[in-house]
Amino acid sequence: MASNAIPAPSGRKKVAMHDGFLKHAGFRWLKISAAIMLVCIVSYLLVDVSPRHNGGSWYGYTLGTIGALLILWLTMLGVRKRAMTPGQWSLKAWTSAHIYLGLSLIVIGTLHTGFQLGWNIHTAAYLFMMIVIISGIVGIYFYVTIPKALSDNRDEMTETEMLENLRSLDRQLHEAAQPLSAEHATQVLQSLEQDPFGGGFFRRISGKYPDCATRQAQADLRRERAYQPKMGGDDPLDKVEALLEKKESTLGRVRRHLKLKAMLQVWLYIHVPMTFALIASLTAHIISVFFYW
């Protein structure tokens with residue numbers, strides 16, 4: 001039940017877009033979803049099922065059928081988002097319905113079980129459904145909050161411009177390091193040669209780079225020069241230190257940018273596979289009910 005929408009060209013517009021699908025048509029689908037959940041809860045309390053509510057009763061079958069059809073419809077968002085159409089069933093309207101009807105499955109699915117859970121395929125389908133819903137909620141939160149954070153972090157610069165600024169600093173550092181001693185030049189060289197974004201996805205999502213050569217070179221220079229008198233004139237170490245400071249600041253901004261982008265994607269690594277797992281377990285659940293019960 002992927003709840004991602006088409007990216008907007010800027011952070012500010014993206015936030016507005018996502019606020020739009022949450023509030024679409026005066027929270028129409030939130031109201032419809034709330035009404036569905038209320039009807040399910042009231043009917044659950046009023047309907048007498050002997051000996052107790054369970055997924056195998058006529059009421060359980062009814063809720064199960066509604067839930068299964070709803071799950072299948074919700075998975076169609078991935079297909080639907082490829083077609084941009086206006087009107088009552090625009091992508092924004094469809095996404096809004098996807099979110100709020102998806103939330104109604106918490107009530108529909110739980111009441112379908114009759115609160116009878118165990119170590120079986122039926123409970124597995126329920127658990128996969130809950131994981132998909134929870135990961136979808138996380139995705140909504142990310143898509144509402146992160147675009148603004150991305151925009152603020154960029155400070156009116158594009159990703160390409162930030163990376164070009166980083167390359168420009170590297171060129172300046174290479175030039176400024178020419179008059180340095182071999183020891184100091186080696187420190188700068190380590191900063192220039194290291195991949196500043198290496199370490200894989202988990203390092204990117206954490207935003208932590210403890211072995212950053214630029215940070216280390218800057219710290220070594222500061223520590224070494226702390227008790228040395230400042231040289232007058234154009235001290236090449238002053239220029240190198242200033243450039244390293246600028247590079248570290250730029251690296252911090254680019255790393256935050258990459259971290260935020262990764263956070264926009266990481267929930268899908270749970271949401272999408274769990275959706276397929278849900279469909280598979282739901283299919284096994286239905287087959288086992290109709291052919292083995």
Side-chain angles (χ1 to χ4, degrees), residues 1-47 62-113 126 128-152 260 263-268 270-272 274-275 278-279 282:
M1 295 185 291
S3 55
N4 53 315
I6 300 298
S10 71
R12 182 173 299 175
K13 291 182 180 179
K14 197 169 187 179
V15 172
M17 177 183 178
H18 287 286
D19 283 344
F21 73 63
L22 290 176
K23 300 177 181 178
H24 175 69
F27 293 100
R28 173 189 297 165
W29 286 103
L30 173 60
K31 296 171 184 175
I32 292 174
S33 176
I36 291 172
M37 289 188 284
L38 181 62
V39 169
C40 289
I41 293 171
V42 171
S43 62
Y44 183 87
L45 296 174
L46 295 179
V47 171
T62 301
L63 288 182
T65 301
I66 293 172
L69 293 175
L70 189 53
I71 287 171
L72 292 177
W73 180 81
L74 290 169
T75 60
M76 294 302 295
L77 179 63
V79 177
R80 173 62 185 81
K81 70 180 181 180
R82 291 174 174 81
M84 296 292 292
T85 57
Q88 185 175 0
W89 283 106
S90 64
L91 180 58
K92 184 184 293 185
W94 194 291
T95 304
S96 183
H98 174 93
I99 292 169
Y100 292 119
L101 292 180
L103 290 175
S104 72
L105 277 171
I106 297 174
V107 172
I108 296 172
T110 302
L111 297 184
H112 164 66
T113 68
Y126 174 77
F128 281 130
M129 181 193 75
M130 294 303 295
I131 293 172
V132 170
I133 293 172
I134 292 170
S135 64
I137 293 172
V138 172
I140 295 167
Y141 173 78
F142 282 170
Y143 269 82
V144 168
T145 59
I146 289 180
K148 184 179 184 305
L150 276 169
S151 179
D152 293 342
L260 291 168
M263 288 173 67
L264 277 176
Q265 300 168 348
V266 67
W267 71 278
L268 287 172
I270 299 174
H271 193 71
V272 173
M274 288 298 103
T275 298
L278 169 58
I279 296 300
L282 181 64

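In what follows, every heavy atom counts, from backbone to side chain, and hydrogens, waters and symmetry copies are set aside. Only a predicted model underlies this, so the values are computations on that prediction, with no experimental measurement involved.
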Quiz prompt | For Thr113, all residues meeting side chain to side chain contact (heavy atoms under 4.5 Å, CB included), sequence neighbours excluded | solution = Leu117, Tyr126
Quiz item: What distance separates His271 NE2 from Leu278 CG, expressed to the nearest 0.5 Å?
Solution: 10.0 Å
Quiz item: Which heavy atom of Gly102 sits nearest a heavy atom of Ile133, and at what distance?
Solution: O-CD1, 3.6 Å
Quiz item: Which atom pair, heavy atoms only, marks the closest approach of Ala93 to His24?
Solution: CB-NE2, 3.3 Å
Quiz prompt | Heavy-atom pair with the smallest gap, counting every atom of Val107 and Met37 | solution = CG2-SD, 3.5 Å
Self-check item: Atom pair CD1 (Ile134) and CE (Met129), whose distance is rounded to the nearest 0.5 Å
Solution: 9.5 Å
Quiz item: For Pro147, does its backbone N or O pair with a side-chain atom of Ser151 as donor and acceptor, under 3.5 Å?
Solution: no
Quiz item: Is the backbone of Lys92 close enough, under 3.5 Å, to the side chain of Ser96 for a donor and an acceptor to pair up by distance?
Solution: no
Quiz prompt | Ser135 side chain to Ile131 backbone, donor-acceptor under 3.5 Å | solution = yes
Quiz item: Say you draw a straight line from CD1 of Ile66 to NE2 of His112; how long is it, rounded to the nearest 0.5 Å?
Solution: 11.0 Å
Self-check item: Approximate separation, where rounding is to 0.5 Å, of Phe128 CZ and Ile279 CD1
Solution: 12.0 Å
Practice problem: Starting at CD1 of Ile140, measure out to NE2 of His98 and round the result to the nearest 0.5 Å. | Solution: 7.5 Å
Quiz item: So, the side chain of Ser104 versus the backbone of Leu101: is there a donor-acceptor pair under 3.5 Å, distance only?
Solution: yes
Exercise. Would you check if Ile137 and Ile99 make a side-chain contact, meaning some heavy-atom pair closer than 4.5 Å?
Key: no
Quiz item: Who pairs with Ser43 by side-chain hydrogen bond (donor to acceptor under 3.5 Å, both in side chains), at least two apart in sequence or on another chain?
Solution: Tyr59
Practice problem: For the residue pair Ile270 and Val138, establish whether any side-chain heavy-atom pair is separated by less than 4.5 Å. | Solution: no
Exercise. Flag the pair Leu264 / Leu150 as yes when at least one side-chain heavy-atom distance between them is below 4.5 Å, and no otherwise.
Key: yes
Quiz item: Rounded to the nearest 0.5 Å, what separation is found between the CG atom of Leu111 and the OG1 atom of Thr62?
Solution: 12.5 Å
Quiz item: Taking C-beta and beyond as the side chain, do Phe27 and Tyr100 meet within less than 4.5 Å on heavy atoms?
Solution: yes
Exercise. For residues Thr275 and Ile71, determine if any side-chain heavy atom of one lies less than 4.5 Å from a side-chain heavy atom of the other.
Key: no
Quiz prompt | Phe142 and Val266, any side-chain heavy atoms less than 4.5 Å apart | solution = yes
Exercise. Describe, in one word, how the ring planes of Trp73 and Trp94 are oriented to each other, choosing from parallel (under 30°), tilted (30 to 60°) and perpendicular (over 60°).
Key: parallel
Quiz item: Between Ile108 and Leu70, which heavy-atom pair has the shortest distance, and what is it?
Solution: CD1-CD2, 4.1 Å
Quiz prompt | Leu63 versus Cys40, closest heavy-atom pair with distance | solution = CD2-SG, 3.9 Å
